[in-house]
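Below you'll find the structure, written out as C-alpha cells, and then a few comments.
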Amino acid sequence: MSWLGLGLYVLGLVGYGGTFRRLGVSPYLSWITAMLFQILVLYGCAMVGVLNTGIQWVTYVGIALFGLWTILSFWRKAQLQFEGIHLFDFWMVALGLAMGQVLYHSPLVHYDNFSHWAVMVKFMFFSGRLPGAADKLISFTSYPPATALYITQVLHWTGFSEGAMLLAQFALIWAAAYSVFAVLRDRSRALMGMLLCLTIAISFVFNIAIRLNNLLVDYVLPILAVAAIAGIWAYRKHPWVLSGHVALFVAVLLLVKNSATFFVVVIGVYFLVTLIQNNREHWYVATLRIPIQAALTLGLAAVPFLVWNWHVKTTFTVSKHEISSQAYASQLSGESAKTIMKIFHKFLSQILNLGSLSTQGILLINVILIGAWVMIHFGSRQKNNLFWVAIMLDVIFLLYYGSLFGMYILSMPYAEAILLDGFERYMGSTVILNLYIGAMFLVRAMDGAMYEQNFQKRDSRSFATIVTKNAYQIGTLIVGFFAITMMYSEITGTKFTNEMNHNTLPLQLQQDSKPWTHLNHKKILVVDPHAGDVADYYAGYAARYYYFTDKAVGQENFMVTPAVFKQTVQSYQYVVIPEYHRTFTKLTKRVYHQKIKTGLFKVHKHYLQRLH
C-alpha cells in the first residue's frame with residue numbers, strides 16, 4: 001500500500017468533511033456525506049468518460065479545501081466547534097482499526113466477488129472507464145457502479161490489492177455507522193453511546209452469510225439507509241439542509257444496487273413525515289410547499305439512476321437483472337399457479353422457522369422494544385413511543401417479505417426460487433436496517449426517561465436514588481463489555497474464516513501465478529477436480545477475474561480418449577491447474593510426455609510450457 005497516496009486521499013476527505021460541516025452538516029454525518037458526494041461526482045465523470053481525471057481532481061479539490069480551512073483556522077476564522085471526545089469515539093477508532101487491519105490481509109473468496117463486484121472494480125481501475133457492450137468480462141451490466149467507483153478512487157491512491165478493496169468498503173460502512181451517534185440527545189451519557197456501539201456489533205451477526213471480507217453490498221444498503229434516516233432526524237429543523245441530505249443519500253443508494261428501491265421508500269416516507277411534523281407555517285402554505293419540496297428532492301435524487309437506466313438500455317442489448325416490466329410480465333406468464341403456491345409455501349415455512357436467523361432477529365427487535373416500552377411506561381411512569389415503533393418495524397418487515405416474494409416469482413428461475421436462494425442474505429439487510437432504527441428510538445426513549453432532563457445539571461448526583469445510579473453504572477459496564485466482546489468476535493470470526501479459506505480456488509490461483517492486469521481475450525482452461533466449482537461457474541468466474549479475460553472456463557471431466565483430450569487442450573491458449581487432477585495428469589503424461597501436477601501453462605502444439 002502507498003502510504004503517501006492514502007494520506008492524500010484522507011486529506012481530501014477531511015477537506016470535504018470540513019466544508020460540509022461549515023454548511024450545516026452534523027460532525028457525525030460529515031464523513032459519510034463527504035464520501036457519497038465524491039461518489040456522485042465520480043459517477044458523473046465516469047458517465048462522460050473521464051473517470052481517472054475525475055478521481056484526481058475530486059481529490060485535489062478536497063486537499064485544496066483542507067488547506068483553505070487550515071489557513072483560515074490559523075487566523076481564527078471559520079473555525080469549527082469542537083464536539084468533544086466520547087467513549088463511543090474510542091470504541092469506533094480502536095475496533096475500527098483492528099477490523100481494518102484484518103480486512104487488509106483478507107482474500108476474496110465469495111462467488112459474487114468474481115461474478116461481479118471485484119471484477120467491476122478491477123475493470124474500472126485498470127481500464128479507467130465503465131464497461132461497454134464489447135466488454136464481455138462484465139456479466140451483470142445493469143448493476144449500478146457506486147461502491148465500485150468509491151473503491152476505485154481509494155485504489156487509485158493506495159495501489160491495487162484485494163485487501164485495499166475490502167478496507168475501502170469497510171471505511172464506507174464504518175463512516176455510515178458513525179452517523180447513528182447524531183441521534184443522541186446527550187452524548188456524555190456513556191450508556192446510550194455504548195448501546196449504539198452494541199447495536200453496530202450485533203448487526204454483523206445478521207451479516208454472517210457474507211461477512212465484511214467480501215465486496216457484496218448486502219450490508220452497504222441498510223447502513224447507508226440508516227445514515228440517511230439519522231440525518232433526517234438531525235436536520236429536521238433545517239429544511240434545506242434536510243433536502244440536500246436526502247437527495248444525496250437517495251441518489252447514491254439507487255446507484256449501489258437496483259434493489260435499493262425498498263430502502264429509498266422507507267427514507268422517502270420518513271422524510272415526508274418529518275417535513276409534516278416540523279412544519280411551522282400555516283396549513284395552506286404547508287399544503288403547497290411540503291409536497292413540492294418532497295417531490296423536487298426525491299425527483300432530483302432519482303435523476304442519476306434514471307441516467308444509469310438509460311445508459312444500460314442504450315449500451316447493452318441484453319442486460320442481466322435489468323429493471324424491465326416486459327421481462328417481469330414474461331417471467332410471470334411462465335409461472336403456473338401451482339408453481340407460485342409451491343414457492344409461497346416454502347417461503348412461509350422459512351418465515352415461521354424459529355431456526356431462521358432473520359426470524360430470530362425480528363423476534364429480538366420486538367422483544368427488546370416492547371420490553372423497554374413496558375419498563376419505561378410502568379417502571380419510570382414515562383410516556384414513550386417504543387410500542388408503536390415495534391409495530392412500524394413489523395410493517396416494514398411485512399412489506400419487505402412481500403417484495404422479496406415478488407422477486408422470487410418475477411426475477412428468479414424456478415430452480416433457484418424453490419430453494420429460496422439468498423433468503424437469509426436479503427432478509428438480513430432488512431433486519432440490520434430495523435435493528436438500527438429500533439436502537440435509535442430506544443436510546444432517545446431511555447434518555448427521555450432519565451431523572452434529570454436538563455443536560456447542564458447532569459452529573460454523578462443527578463439520579464433519582466443511589467439504586468438507579470448504581471443500576472446505570474452497572475448497565476454501562478455490561479453493555480460496554482458486550483459491545484467490545486461482540487465486535488471482537490466479528491474480528492476473530494473473520495480471521496478464522498480467512499484461515500479456513502486457505503485452500504480455496506482463488507488462493508490456489510495466486511500460488512500458481514501472478515494476477516494479470518491487462519484486459520485480454522486469452523482462452524484459458526481451468527482444470528478443477530471439484531465438479532461443483534465447474535457446474536456453478538465458480539472456477540470460470542474466479543479465473544476471469546484473476547487473469548482478466550472474458551474467455552476462461554472450468555472443466556472437471558476429462559474421461560476422454562487421448563485424441564479428444566489433445567484436441568480439447570489445443571483449443572485453449574493457456575491451461576491453469578490450481579489443484580492436482582489425477583486424470584488430467586495421466587493424460588498429459590500420455591499425450592505430451594510431461595509430468596504435470598499444478599501451475600499455469602502456455603499451450604504449444606506439442607507441449608505445455610510452464611510459466612510459473
Side-chain angles (χ1 to χ4, degrees), residues 110-112 173 176-177 180 198-214 216-226 229 253 256-267 342-372 386 389-412 416-442 482 486-487 489-490 493-494 497:
H110 194 285
Y111 182 101
D112 287 5
I173 290 171
V180 299
L198 179 60
T199 302
I200 295 172
I202 292 175
S203 70
F204 294 125
V205 172
F206 300 99
N207 190 47
I208 198 69
I210 58 169
R211 304 200 89 108
L212 291 171
N213 57 345
N214 289 293
L216 286 68
V217 297
D218 299 81
Y219 193 94
V220 175
L221 288 171
I223 198 62
L224 288 182
V226 167
I229 290 169
L253 258 173
V256 171
K257 197 178 180 183
N258 297 333
S259 56
T261 306
F262 183 85
F263 300 97
V264 168
V265 170
V266 174
I267 294 168
K342 282 184 178 180
I343 298 173
F344 175 75
H345 287 306
K346 182 80 172 181
F347 192 83
L348 188 61
S349 65
Q350 181 67 20
I351 293 173
L352 300 177
N353 179 15
L354 295 180
S356 168
L357 184 61
S358 58
T359 302
Q360 292 172 359
I362 294 171
L363 293 175
L364 174 68
I365 292 169
N366 277 274
V367 167
I368 291 176
L369 290 178
I370 295 175
L386 293 181
V389 170
I391 298 296
M392 175 191 70
L393 298 184
D394 287 337
V395 171
I396 292 175
F397 280 126
L398 289 173
L399 292 174
Y400 192 78
Y401 275 138
S403 67
L404 186 56
F405 179 71
M407 184 198 72
Y408 284 122
I409 297 300
L410 299 174
S411 301
M412 277 195 181
E416 295 179 13
I418 195 63
L419 297 175
L420 301 183
D421 188 43
F423 179 88
E424 290 299 333
R425 268 180 56 190
Y426 301 134
M427 277 307 303
S429 294
T430 314
V431 172
I432 291 166
L433 172 69
N434 284 354
L435 179 70
Y436 275 103
I437 294 175
M440 289 190 285
F441 276 102
L442 177 61
F482 280 106
M486 293 196 69
M487 192 63 207
S489 175
E490 176 65 20
T494 304
T497 302

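Residues take their numbers from the sequence shown, with the count starting at 1. Both backbone and side-chain heavy atoms feed into the values below; hydrogens, waters and symmetry mates do not.
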Minimum heavy-atom distance [X]-[Y], with the two atoms named:
| X | Y | value |
| --- | --- | --- |
| Ile173 | Ile223 | O-CG1, 3.9 Å |
| Pro222 | Ser429 | CB-O, 3.3 Å |
| Leu435 | Ile365 | N-CD1, 3.6 Å |
| Ala201 | Met486 | CB-CB, 3.8 Å |
| Ser259 | Leu221 | OG-CD1, 3.8 Å |
| Val217 | Lys257 | CG2-CD, 3.8 Å |

- Task: Check step by step if side-chain contact (heavy atoms from CB on, under 4.5 Å) holds for Phe441 and Met392.
- Result: CA-CA 12 Å; Phe441 276 102; Met392 175 191 70; 4.1 Å; yes

Rounded distance [0.5 Å steps], [atom1] in [X] versus [atom2] in [Y]:
| X | Y | atom1 | atom2 | answer |
| --- | --- | --- | --- | --- |
| Tyr408 | Lys346 | OH | NZ | 11.0 Å |
| Met427 | Leu357 | CE | CG | 10.5 Å |
| Phe397 | Leu433 | CZ | CG | 8.0 Å |
| Leu352 | Leu354 | CG | CG | 8.0 Å |
| Tyr426 | Tyr401 | OH | OH | 16.0 Å |
| Arg211 | Asp218 | CZ | CG | 14.5 Å |

Mind checking whether [X] and [Y] have side chains closer than 4.5 Å, heavy atoms only?
| X | Y | value |
| --- | --- | --- |
| Leu364 | Val431 | no |
| Ile396 | Leu399 | no |
| Thr430 | Leu404 | no |
| Thr497 | Asn213 | yes |
| Arg425 | Asp112 | yes |

- Message: A quick test of your reading: do over 12 heavy atoms of other residues, nucleotides or ligands sit less than 6.0 Å from CZ of Phe482?
- Response: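 Counting neighbours around CZ of Phe482, 12 or fewer heavy atoms of other residues, nucleotides or ligands fall under 6.0 Å, so no.
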
- Query: Got a sec, which residues hit side chain to side chain donor-acceptor pair (under 3.5 Å) with Asn207, two or more places apart in sequence or on another chain?
  - Reply: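 Asn207 satisfies side chain to side chain donor-acceptor pair (under 3.5 Å) with no residue once adjacent residues are dropped.
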
- Item | Residue list, side chain to side chain donor-acceptor pair (under 3.5 Å) with Ser203, at least two apart or on another chain |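 Tyr219, Tyr436.
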
- Item | Side chain Thr359, main chain Ile351, donor-acceptor under 3.5 Å |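 Looks like yes, one N/O pair under 3.5 Å.
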
- Query: Do the side chain of Glu424 and the main chain of Ser358 share a donor and acceptor less than 3.5 angstrom apart?
  - Reply: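 Side chain of Glu424 to backbone of Ser358, a donor-acceptor pair under 3.5 Å: yes, one is there.
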
- Item | Contacts of type ring pair (Phe, Tyr, Trp, His ring centres under 6.0 Å), residue Tyr400, not counting sequence neighbours |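 Tyr400: ring pair (Phe, Tyr, Trp, His ring centres under 6.0 Å) contacts with Phe262.
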
- Assess whether side-chain contact (heavy atoms from CB on, under 4.5 Å) is satisfied between Met440 and Val226, documenting all intermediate values. CA-CA 10 Å; Met440 289 190 285; Val226 167; 4.0 Å; yes

- Output, in order, the C-alpha distance, side-chain angles, deciding distance and verdict of side-chain contact (heavy atoms from CB on, under 4.5 Å) for Val180 and Thr199. CA-CA 10 Å; Val180 299; Thr199 302; over 6 Å; no

- Side-chain donor-acceptor pair under 3.5 Å between Asn366 and Asp394, yes or no?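 Yes, side-chain donor-acceptor contact under 3.5 Å.
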
- Which of parallel (below 30°), tilted (30 to 60°) and perpendicular (above 60°) describes Phe405 and Phe344?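 Rings of Phe405 and Phe344: perpendicular, as their planes differ by over 60°.
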
